[in-house]
Amino acid sequence: MAAAQPGGDVPIREFLTALASADSAQGAVSAAAVAGAMGTSLLLMVAELPTTRSDSGDERTALLHAAAALGDLQEQLFETIETETEVKLFAARNMPQASQAQRSKREAAIQLALRVEADVPLEVIRLCALGLKHAQTVAAACPRAAGSEVELAVALLRVGLTGARSNLERRLSSLTDVVYTKAVVEEIAQISEGATTAARAAELSVQAPPA
């Protein structure tokens, strides 16, 4: 039986083998997305447990809503792996540049491809941050016995966010659109702050009570 799939029709063993290859189209952003998807999967599993923290109706409702949102989030993280922006950038860089007009057209195509590329890790950042917000909900309502799973989920989502942010910050240095770059930097800062708050709240919710 095939292993669980990180995205598309690629079994996880094949994905990891491809990730280790210098010739692979998969890279840091795909790895970050998979980390986020694994964290999301753990939260989804916890949210669907038959018991809650105090077996209240409100907790069950909160977990049901979180589970539905986490299922959608998982699919969106998978979709970020299946992009072809690297191909578009390669094609742009191979455009003719014999004349000034050709060079200008080539540079515009490169900048467009770079911006599309930057949108991918930005989306991973957004999705991982959203996952951490759902982690806060799950952590507050789940049974304490599931605390270790929630803590691991939070750690994986943090890794996904940090990895995507590092990749995006590197890509931004190649962009000439100052307005876009400034807006993205500000959004990253805002998202990161909210994600850190949510992660800490989730971790506190599943900590064992003092003896």
Side-chain angles (χ1 to χ4, degrees), residues 3-46 69-90 113-136 138 149-175 180-181 183-200 202-203:
Q5 298 175 353
D9 299 319
V10 183
I12 193 167
R13 185 183 296 275
E14 292 181 21
F15 174 80
L16 293 175
T17 300
L19 191 63
S21 171
D23 299 325
S24 174
Q26 311 292 355
V29 178
S30 294
V34 169
M38 288 193 294
T40 301
S41 295
L42 282 171
L43 290 175
L44 186 56
M45 179 269 290
V46 172
L70 287 164
D72 291 340
L73 184 61
Q74 186 184 60
E75 288 301 317
Q76 291 176 67
L77 281 164
F78 286 160
E79 289 171 6
T80 63
I81 303 171
E82 302 166 6
T83 62
E84 298 179 351
T85 52
E86 293 284 354
V87 175
K88 294 175 184 176
L89 180 58
F90 179 81
L114 287 170
R115 180 164 171 172
V116 172
E117 271 198 335
D119 285 341
V120 180
L122 179 57
E123 184 65 8
V124 174
I125 291 170
R126 291 167 177 158
L127 294 172
C128 287
L130 184 56
L132 287 168
K133 289 183 179 179
H134 291 310
Q136 187 175 356
V138 173
E149 284 81 1
V150 172
E151 288 177 339
L152 179 55
V154 169
L156 286 165
L157 284 162
R158 274 178 157 171
V159 167
L161 190 153
T162 302
R165 184 179 62 204
S166 176
N167 182 275
L168 176 56
E169 288 171 347
R170 177 182 60 79
R171 292 177 189 270
L172 290 178
S173 64
S174 300
L175 289 169
Y180 172 80
T181 301
V184 170
V185 169
E186 290 175 352
E187 182 179 356
I188 293 173
Q190 183 177 7
I191 290 174
S192 298
E193 182 178 356
T196 298
T197 300
R200 288 175 179 170
E203 290 168 338

Output for pair (Ser166 OG, Leu161 CG), nearest 0.5 Å, gives 11.5 Å
Applying salt bridge (Lys or Arg N to Asp or Glu O under 4.0 Å) to Glu151 and not counting sequence neighbours gives none
Tell me if the CD atom of Glu193 is crowded by more than 12 foreign heavy atoms within 6.0 Å. no
Shortest non-hydrogen pair, Cys128 vs Gly36, comes out as SG-CA, 3.9 Å
Q) Does atom CZ of Arg200 have more than 12 heavy-atom neighbours from other groups under 6.0 Å away? A) no
Quick note, salt bridge (charged side-chain N to carboxylate O under 4.0 Å, His left out) partners involving residues 119-135, not counting sequence neighbours, are Glu123-Arg126, Arg126-Glu187
Side chain to side chain donor-acceptor pair (under 3.5 Å) filter on Ser41, not counting sequence neighbours, yields Gln74
Minimal heavy-atom distance between Arg115 and Leu175, with the atoms involved, is N-CD2, 3.7 Å
So CD of Gln190 and CD of Glu186: to nearest 0.5 Å the spacing works out to 9.0 Å
When rounded to the nearest 0.5 Å, the distance separating CG of Leu172 from CG of Asn167 is 9.5 Å
Using modelled atom types only, decide if a donor and an acceptor are shared between the side chain of Ser173 and the backbone of Arg170 within a distance under 3.5 Å.
yes
Output for pair (Leu157 CG, Leu43 CG), nearest 0.5 Å, gives 6.0 Å
One should read off an interatomic distance between Ile191 CD1 and Ile125 CD1, to the nearest 0.5 angstrom, of 6.5 Å
Shortest non-hydrogen pair, Ala32 vs Gly163, comes out as CB-C, 4.3 Å
Q. Any side-chain heavy atom of Leu42 within less than 4.5 Å of one from Val150?
A. no
Scanning both residues in full, the closest heavy-atom pair of Ala129 with Ala195 reads CB-CB, 4.1 Å
Correct closest heavy-atom pair for Arg171 and Ala118 would be CD-CA, 4.1 Å
Between Leu70 and Val138, is any pair of side-chain heavy atoms under 4.5 Å apart?
-> yes
Practice task
State, yes or no, whether a side-chain contact exists between Thr80 and Gln76 at a heavy-atom distance under 4.5 Å.
Solution key: no
Output for pair (Leu127 CG, Leu132 CG), nearest 0.5 Å, gives 11.5 Å
Query - Residue pair Val29 / Val124, side-chain heavy-atom distance below 4.5 Å - result: yes
